[in-house]
Amino acid sequence: MRLPIRAVTPESRSAEIIGWVHEVRDLGGLAFLLIRDRTGIIQVTIPKKKVPAEVVETVRDVSRESVVRVRGEVKAIDKAPGGREIVPEELEIISIADSPLPLDVAEKVPAEMDTRIDSRFLDVRKPRVRAIFCIRSAVTCAATAFLHSRGYINIATPKIVAAATEGGTDLFPIAYFEKEAFMNQSPQLYKQMMMAAGFEKVFELGPIFRAEEHNTVRHLNEATSLDVEASFADHNDVMDLLEDLIIHVYDYVAKTCGEHLEVLEIDLEVPEKPFPRIPYTEAIEIANAILEEKLAFGDDLSPAAERAIGSEIGRHYFVVDWPTDIRPYYAMPYPDRPEFCKAFDLMHPRMELSSGAQRVHDHDLLVEQIRAKGLAPEAFEFYLKAFRYGMPPHAGWGLGIERLVMTMLDLGNIREAVLFPRDRHRLTP
RNA sequence: GCCCAGGUAGUGUAGUGGCCUAUCAUGACGGCCUGUCACGCCGUCGACACGGAUUCGAAUUCCGUCCUGGGCGCCA
C-alpha cells in the first residue's frame with residue numbers, strides 16, 4: 001500500500017512510497033535518495049552492504065526526476081530530514097526520466113520564465129510553484145463557496161459569441177462554420193440578461209479572451225474572471241459584497257493554506273473592512289500631487305497613477321464615481337449629475353483587480369448611451385430585448401483571478417499565476 | 001502598435017576587437033568516498049540564434065532576419 005510521504009513518521013515501522021527522485025547523493029558505501037511527492041520529501045538511505053544487491057543496482061541506474069517505488073524499513077533518525085528515513089528492501093523504477101532535464105527541479109540553478117513555461121509540467125514539480133496553484137485552487141474554491149452562501153447561483157455563458165458589439169477591446173476572431181464569430185471578452189451582456197431571467201444573483205468563473213497586443217507582467221490574453229451580477233442592488237451593495245468576498249478569500253487562504261504560504265515565505269495579512277472609497281476626482285488629485293506627468297479630468301488612471309495612489313493608500317481601495325465618458329455604456333449615470341456614473345474599480349496598491357458598476361436597466365437610456373459611444377444599437381438587439389420585458393435594477397463586477405492571486409502572493413509576473421499562460425507570443429504548451 | 005533591453009553548453013551566467021581551441025556554477029558521464037542534507041574531491045563532456053558586411057583578426061562592431069524579456073499605448 002502506497003503511503004503519502006507526509007504520512008511516514010518516525011513512529012512508522014515500514015512504509016511503501018512512490019514519488020519522484022528529487023536528488024541523488026552517492027557517498028560510496030552509502031547513498032541517499034530524496035524522494036518527493038505532492039505531500040513532501042523523504043530521505044531513502046542505502047547502506048550498500050546491508051540492502052539487497054538489486055537495490056544497489058537500481059540506485060546506479062536511476063536518474064533525477066524518475067518515478068520510483070520504495071518499500072522498506074522506517075528508521076527514526078535525528079539527522080535525517082523530518083526525523084525519519086527509509087532503508088529500502090525494494091526499489092523499483094516505475095518511469096525513468098531522460099537526462100539532462102530541461103530545467104532544475106531541485107532549484108540549485110534558477111530558470112527563466114520562458115524556459116519554465118516551455119517545460120511547465122516539470123516546473124510545477126517545484127514545491128514553490130505547486131504551492132501557488134494549491135493556493136489558487138483555495139482562492140476560487142473559497143470565492144465560489146462564499147457566493148453560494150450568499151444565495152448566488154453559478155451560471156455558464158457562451159465563450160463563442162456572434163460579434164464584437166461591446167466595442168473597446170480587440171477580440172479574437174474565429175471561424176464558426178459559415179459565420180464569423182469571436183472569443184468572448186467578458187460575460188457582461190449575458191450575466192445582465194440573466195437579471196431579466198429573474199435569477200437575481202448569479203456568478204460565473206470562467207475564461208475571458210482579449211486580443212490586446214500588450215507585453216507586460218500584468219496582462220494575459222486568456223485570463224480567468226469571476227463575474228457577479230445582482231438584481232435590486234446598487235453599486236454600493238456590490239462593492240460591499242466584493243469587499244466581503246476579498247476578505248473571506250484571504251481569511252480562508254490564511255487559515256487553510258498555512259503550509260503553502262510557508263513554502264512561499266508569505267505572512268498573509270487579511271485586509272480589513274471597510275476599504276476606502278475614493279472618488280475619481282480625488283484619486284486624480286492624489287496622483288497629481290505625486291506625479292510629474294499630470295492627469296486631466298477624463299483620463300484613465302495610468303499604471304504610474306495606480307502605483308502612486310496605491311503607495312499613498314497602502315491597502316485595497318475603491319475608486320468610485322467615474323466620469324461617464326470613460327466607462328462603458330452600461331454604467332448607470334447619477335441622475336442628478338449625469339457626467340458621473342455609479343462605476344467603481346477595486347484596486348490593490350499594485351494594480352486594478354476588479355471593475356464594476358450599477359447598470360443601466362432602462363431600455364431607452366441604454367440605447368441612448370450605446371449611441372453616445374458611437375455604437376449601433378441594432379447590433380445589440382439580442383441584449384436590448386432583455387430590457388423590454390421587465391428588467392430589474394441591477395449591479396455587478398468582474399474580478400481577475402490571476403491578479404488576485406498575483407497580488408495576494410506578491411508574485412512578480414502574472415504568468416506565475418496561470419499554469420499555461422497565453423500572452424502576445426505564446427500559444428504552446 | 002511605439003520604445004528600450006537582450007539571445008553564449010540541458011539550465012543559470014562571465015566575457016565591449018587579438019590574452020577565447022570562451023569563465024564560473026549546476027548538470028551528465030567515469031573514478032574515490034558509510035551520515036549526506038546545495039555532500040566533498042579528481043577527471044571528462046557540453047555553447048557564442050541565423051544570414052550577410054567591416055577587419056589581418058569578430059562572441060564582441062555594423063546591417064538584415066528570427067526569437068525573447070520589459071515599459072508605454074491600448075485593456076468595453
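The model shown is predicted, which means the values in this text are computed figures rather than measured ones. Proteins come first, then strands; the chains are lettered A, B, ... in the order of their sequence lines, and each starts at number 1.
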Would you check if the side chain of [X] reaches a backbone N or O of [Y] as a donor-acceptor pair within less than 3.5 Å?
X         : Y         : value
Gln369(A) : Ala331(A) : yes
Lys48(A)  : Ala31(A)  : no
Gln358(A) : Asp234(A) : no
Arg218(A) : Arg403(A) : no

Quote, to the nearest angstrom, the [atom1] distance that separates [N] from [M].
N      : M      : atom1 : answer
U21(B) : C45(B) : C1'   : 15 Å
C29(B) : G18(B) : C1'   : 35 Å
U11(B) : G64(B) : C1'   : 30 Å
G12(B) : G27(B) : C1'   : 11 Å
U8(B)  : C20(B) : C1'   : 12 Å
U65(B) : C72(B) : P     : 26 Å
G6(B)  : G17(B) : P     : 15 Å

Item to complete: Respond yes when some side-chain nitrogen or oxygen of Lys108(A) is under 4.0 Å from OP1 or OP2 of A25(B), and no when none is.
Response: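 Answer no for this pair, as no side-chain N or O of Lys108(A) is under 4.0 Å from OP1 or OP2.
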Discussion item. Looking at U68(B), I'd like to know if its phosphate oxygens (OP1 or OP2) sit under 4.0 Å from a side-chain N or O belonging to Arg415(A).
Written reply: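 For U68(B), OP1/OP2 do not have a side-chain N/O of Arg415(A) under 4.0 Å.
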In terms of side-chain heavy atoms of [X], which of [options] is nearest?
X         : options                : answer
His219(A) : G35(B), C74(B), U11(B) : C74(B)
Glu212(A) : G1(B), C74(B), U68(B)  : C74(B)
Arg64(A)  : G27(B), G12(B), G70(B) : G27(B)
Glu23(A)  : U11(B), U34(B), A38(B) : A38(B)
Val109(A) : G73(B), U34(B), A25(B) : A25(B)

Fill in: All pairs passing side-chain hydrogen bond (donor to acceptor under 3.5 Å, both in side chains) where residues 278-307 of chain A contributes a residue, at least two apart
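Non-adjacent pairs meeting side-chain hydrogen bond (donor to acceptor under 3.5 Å, both in side chains): zero.
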Practice prompt. Scan residues 219-228 of chain A for pairs that pass side-chain hydrogen bond (donor to acceptor under 3.5 Å, both in side chains), counting only residues two or more places apart or in two chains.
Written response: Arg136(A)-Thr224(A), Lys191(A)-Asp227(A), Thr216(A)-His219(A), Thr224(A)-Glu402(A), Ser225(A)-Asp227(A)
Worksheet entry | Which residue lies more 5' along RNA chain B, comparing Ile326(A) with Asp104(A) via nearest heavy atoms |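 Nearest-nucleotide comparison on RNA chain B picks Asp104(A).
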Assess whether a salt bridge exists between [X] and [Y], defined as any Lys/Arg side-chain N lying under 4.0 Å from an Asp/Glu carboxylate O.
X         : Y         : result
Lys50(A)  : Glu73(A)  : no
Arg277(A) : Asp240(A) : yes
Asp37(A)  : Arg6(A)   : no
Glu381(A) : Arg388(A) : yes
Glu229(A) : Arg359(A) : yes

Item to complete: Sugar-phosphate means primed atoms, P, OP1 and OP2; the rest is base. With that split, encode nucleotides 40-49 of chain B 5' to 3' as B, S or - using protein heavy atoms under 4.0 Å.
Response: ----------
Check whether any side-chain heavy atom of [X] sits under 4.5 Å from a side-chain heavy atom of [Y], and report yes or no.
X         : Y         : answer
His361(A) : Met332(A) : yes
Phe387(A) : Phe380(A) : no
Thr58(A)  : Val68(A)  : no
Ile41(A)  : Pro81(A)  : no
Glu259(A) : Cys134(A) : no

Report which part of the nucleic acid [X] touches: base, sugar-phosphate, or nothing (heavy-atom distance under 4.0 Å, all strands).
X         : value
Arg327(A) : nothing
Lys49(A)  : base
Arg426(A) : nothing
Asn413(A) : sugar-phosphate
Arg307(A) : sugar-phosphate
Asp114(A) : sugar-phosphate

Enumerate the residues from [range] whose closest heavy atom to RNA chain B is under 4.0 Å, giving them by residue number; use none for an empty result.
range                       : answer
residues 343-361 of chain A : none
residues 73-81 of chain A   : Ile77(A), Lys79(A), Ala80(A), Pro81(A)
residues 89-102 of chain A  : Ser99(A), Pro100(A), Leu101(A), Pro102(A)
residues 278-300 of chain A : none

Determine whether a donor-acceptor pair (one donor, one acceptor, N or O, separation below 3.5 Å) exists between the side chain of [X] and the base of [N].
X         : N      : value
Glu85(A)  : G35(B) : yes
Tyr330(A) : A76(B) : yes
Gln43(A)  : U36(B) : yes
Ser186(A) : A76(B) : yes

Worksheet, complete the sentence: The ring pair (Phe, Tyr, Trp, His ring centres under 6.0 Å) partners of His394(A) (sequence neighbours excluded) come to none
Worksheet, complete the sentence: For Tyr152(A), the ring pair (Phe, Tyr, Trp, His ring centres under 6.0 Å) test, sequence neighbours excluded, returns none
Practice prompt. Run the ring-centre check on Tyr250(A) versus His316(A) and record whether the distance is less than 6.0 Å.
Written response: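 Yes, they do, as the ring centres are separated by less than 6.0 Å.
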Taking [atom1] from [X] and [atom2] from [N], how many angstroms apart are they, rounded to a whole number?
X         : N      : atom1 : atom2 : result
Arg210(A) : C75(B) : CZ    : P     : 10 Å
Phe209(A) : C74(B) : CZ    : P     : 25 Å
Lys48(A)  : G35(B) : NZ    : P     : 13 Å
Glu213(A) : G71(B) : CD    : P     : 16 Å

Practice prompt. Quick one: which residue pairs count as a salt bridge (Lys or Arg N to Asp or Glu O under 4.0 Å) with a foot in residues 360-370 of chain A, not counting sequence neighbours?
Written response: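 For residues 360-370 of chain A: none.
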Worksheet item: Among pairs that include at least one residue of residues 337-347 of chain A, which meet salt bridge (Lys or Arg N to Asp or Glu O under 4.0 Å), considering only residues two or more places apart or in two chains?
Response: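 The answer is Asp321(A)-Arg337(A), Arg327(A)-Asp345(A).
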Worksheet item: Quick one: stems for RNA chain B, with Watson-Crick or G-U pairs under 3.5 Å, at least three in a row?
Response: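 Stem list for RNA chain B: B:1-7 with B:66-72, B:10-12 with B:24-26, B:27-32 with B:40-45, B:49-53 with B:61-65.
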